[in-house]
Amino acid sequence: MLGYILSVFISLIGLFLILIVIMTIRFTMIAALKEEECEIGVLRAIGADSFSFRWLFAEKYIAFAVIGGALGIVAGLPLSKYVLSMFGPGNIMPSDAEIVVIGILSVLFIIALIIGFSMLVMRRINKISVVDAIRGENRAERFGRGGGIRLHKRRIMSPAFFIALSDILGRFKRYAFLLVAYTLGVLIILFVVNTKNSVINPEFLKYSLTYQTDFFIELSDEKLNDYIKRMSAENKNINEMINNDIRKAGIKAHYDNDHYNSMGILMQNGLEINSTEWSGSGDISQLSYHEGSVPVKENEAAMSWSSANSLGIQLGDEITLKMSIDPEKDGIYEGSKEKFKITAFINAMDSGVPIVVLSQKYDKNPNGSMSYWATIIDADGSEKEEQFRRLEEMFGPEQVLDSMEYTKLCLAEYSQIFDLLELVMGVAVLFILMLMTYLYSSIFIAEEMPETALQKSLGFTNGAVKASHIFRILILSVVSVIVGEILLQTAGQFIVRVLMESLGITNFSLMPEFIMSFALIPALIMGAVLITEWFTLGKIKKADIRNIKDV
């Protein structure tokens, strides 16, 4: 189930990255057209066809796509195998040929996408004339009414901030693509981090029927051998013996034990559905419920919602369970047939095998394997920390795990994948945003060179001119962070909720890590683009009063 979550999750991230890459290509092409504007204008003046020029520019990006795609296939073959191996040795691996075919098809799709998008962007060539070859695009038409703010009415607003804000408000269309790119970048990183924090989380273990994990004892070899020797003498399960030892030591902690067993659900049409049955002394009211009331009577049960929904089982329906008398005989149910009334549906990842949870009053499961619902420390605050410390003294500090350590142990393979995603996506997105910032700044510094020269002739220092550019990027990045956070808590939550409901888990929501989501990640993104902008602004030193002739 978690593998399905990751596959959909990575597909969404891939879609976001494609959108950002397309925007990067747009900026790159516009920058290239700006640099070769004079040559294009002269060639068009002597009769060159604009479509030919568009194809000439597109050929370069097609070549990049082919070369990059080939390198991607070569690098992707071992990388994809490595990622797939994280899911365990029991998974069916695709062949090398299948991976290569998928890679080639993906490259062809990207090439087709780049051709279409390049031709669309290259329509800008049609607007370049011989006049532009002589004077560039810096004609008087670019002057227009400014934004809706006035400097003389803003006592505490600096001229640099005013220029930046009025430019954005007055020519918003100019910055729309950059704003969208920044927002998507913020959204991608926040989505990865928050999804990891929500899945690699003790609360997520409720969907595997472990409703509380205050501690976990990972027995050393010596301790394990000792318990195995005691099992036959005491006729108890290891968990039961650990409970007794903890109680004798006066530690306020215990395992809520349970039993699970293979069984069959006998349907009205005569079909027998393989299932698992869970029962025990734990507090099953702590499980995650979709709807209904907790089973309390001996003949009452709760069922995993996704399987019940697919089988057409409703609340109040009666099901017949064919209990197994021999857990070693996989899939053979020779025991008694018992009827149970479904009083509730639980949120559980059942992998297509229905889970049936019986009430605490049911005690007819002698052949079931033993596990546990929860590991609980019966204390709060500082006393809870003291009881945890005593467990460490009893079993060894390296053998006793806290809640998060246990969660990472249970979901180790997925934790590694999320860690890899955080690193790869974080680096890739930051690099793309920094590249787009550089391209954006280069284009507009070139376009605004006459205005910059005019500002400097009026007394603006290089620092003041740079400050207006820095404020412009700062405003855009701040707005992008705010919009990204809003989209994550609305559209992001909706996407994750729909995805989880397809797995039979309702009422799931992203759990943001406050410091990471609202402080560190925004600071990292804004810092990266601002640093890039600062280094790009070195070109402003070249502007002087002689550039005023182009106004």
Side-chain angles (χ1 to χ4, degrees), residues 2 193-194 196-260 278 280-288 360 369-416 418-419 422 511-520:
L2 280 174
V193 172
N194 283 277
K196 175 190 172 183
N197 186 60
S198 303
V199 173
I200 312 301
N201 191 296
E203 285 295 311
F204 194 79
L205 295 180
K206 285 187 176 182
Y207 305 125
S208 59
L209 304 187
T210 303
Y211 56 77
Q212 188 170 338
T213 52
D214 292 337
F215 69 94
F216 177 73
I217 299 171
E218 196 173 32
L219 294 172
S220 63
D221 292 340
E222 182 182 352
K223 280 279 188 182
L224 180 60
N225 291 331
D226 179 55
Y227 278 117
I228 291 174
K229 292 176 183 178
R230 293 168 51 189
M231 283 179 66
S232 57
E234 299 183 21
N235 193 28
K236 292 182 182 296
N237 182 275
I238 289 180
N239 288 351
E240 294 174 317
M241 290 188 290
I242 291 176
N243 265 349
N244 289 338
D245 291 347
I246 290 174
R247 185 165 50 251
K248 290 177 182 177
I251 301 174
K252 298 177 181 179
H254 70 279
Y255 279 78
D256 270 354
N257 293 316
D258 62 49
H259 298 271
Y260 62 94
W278 294 74
S281 59
D283 185 6
I284 60 175
S285 66
Q286 299 299 314
L287 297 174
S288 175
Q360 293 172 269
S369 302
M370 179 165 278
S371 183
Y372 52 89
W373 298 108
T375 56
I376 301 172
I377 295 179
D378 304 301
D380 294 314
S382 59
E383 186 181 359
K384 189 171 186 176
E385 296 177 2
E386 173 63 20
Q387 298 302 315
F388 186 86
R389 186 188 62 79
R390 292 184 64 186
L391 285 171
E392 289 182 320
E393 291 176 353
M394 181 175 178
F395 293 95
E398 295 182 357
Q399 312 307 131
V400 181
L401 309 181
D402 62 22
S403 182
M404 183 54 71
E405 289 171 337
Y406 173 68
T407 302
K408 289 182 177 180
L409 177 66
C410 291
L411 304 173
E413 57 189 25
Y414 300 101
S415 180
Q416 292 176 6
F418 274 114
D419 288 341
E422 275 189 334
M511 293 180 283
E513 193 173 4
F514 186 82
I515 296 178
M516 284 288 292
S517 297
F518 299 102
L520 295 182

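The structure displayed is predicted, hence computed values, not measured ones.
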Straight-line distance of [X] [atom1] to [Y] [atom2], nearest 0.5 Å:
X: I246; Y: R390; atom1: CD1; atom2: CZ; result: 11.0 Å
X: D226; Y: M241; atom1: CG; atom2: CE; result: 8.5 Å
X: K223; Y: I238; atom1: NZ; atom2: CD1; result: 12.5 Å
X: N201; Y: T407; atom1: CG; atom2: OG1; result: 7.0 Å
X: I217; Y: F395; atom1: CD1; atom2: CZ; result: 4.0 Å
X: E393; Y: F388; atom1: CD; atom2: CZ; result: 12.0 Å

For Y227 and D245, does a side-chain donor sit closer than 3.5 Å to a side-chain acceptor? yes
Ring pair (Phe, Tyr, Trp, His ring centres under 6.0 Å) for Y255 and F215? Distances and angles first, verdict last. CA-CA 9 Å; Y255 279 78; F215 69 94; 5.7 Å; yes
Which of these, K252, H254, Q387, sits in a side chain to side chain donor-acceptor pair (under 3.5 Å) with D378? H254
For a side chain to side chain donor-acceptor pair (under 3.5 Å) with R389, tell me which candidate from E385, E386, E392 qualifies. E386
Quick one: does [X]'s side chain get under 4.5 Å of [Y]'s, heavy atoms only?
X: L205; Y: Y406; result: yes
X: K196; Y: E422; result: yes
X: M511; Y: E203; result: yes
X: I284; Y: W278; result: no
X: S198; Y: F204; result: no
X: M516; Y: N197; result: no

I'd like to know whether D256 forms a side chain to side chain contact (heavy atoms under 4.5 Å, CB included) with Q286, so could you lay out the CA-CA distance, the side-chain angles of the two residues, the decisive distance to 0.1 Å, and finally the verdict. CA-CA 12 Å; D256 270 354; Q286 299 299 314; over 6 Å; no
Which pair of non-hydrogen atoms, one from [X] and one from [Y], has the smallest distance, and what is that distance?
X: P512; Y: N194; answer: CA-OD1, 2.7 Å
X: P202; Y: T213; answer: CB-OG1, 4.2 Å
X: I376; Y: D214; answer: CA-OD2, 3.5 Å

Under the side chain to side chain contact (heavy atoms under 4.5 Å, CB included) test against W373, which residue among N257, D258, D283 passes? D258
With under 30° as parallel and over 60° as perpendicular, where do the rings of F514 and F518 fit, or are they tilted in between? tilted
Excluding sequence neighbours, so at least two apart, what forms side-chain contact (heavy atoms from CB on, under 4.5 Å) with E405? L401, D402
Just by distance, do the side chain of Q399 and the backbone of E218 share a donor-acceptor pair under 3.5 Å? yes
Where the side chain of Q360 meets the backbone of G282, is there a donor-acceptor pair that is under 3.5 Å apart? yes
Count the heavy atoms belonging to other residues, nucleotides or ligands that lie under 6.0 Å from NZ of K384, then report whether that count exceeds 12. yes
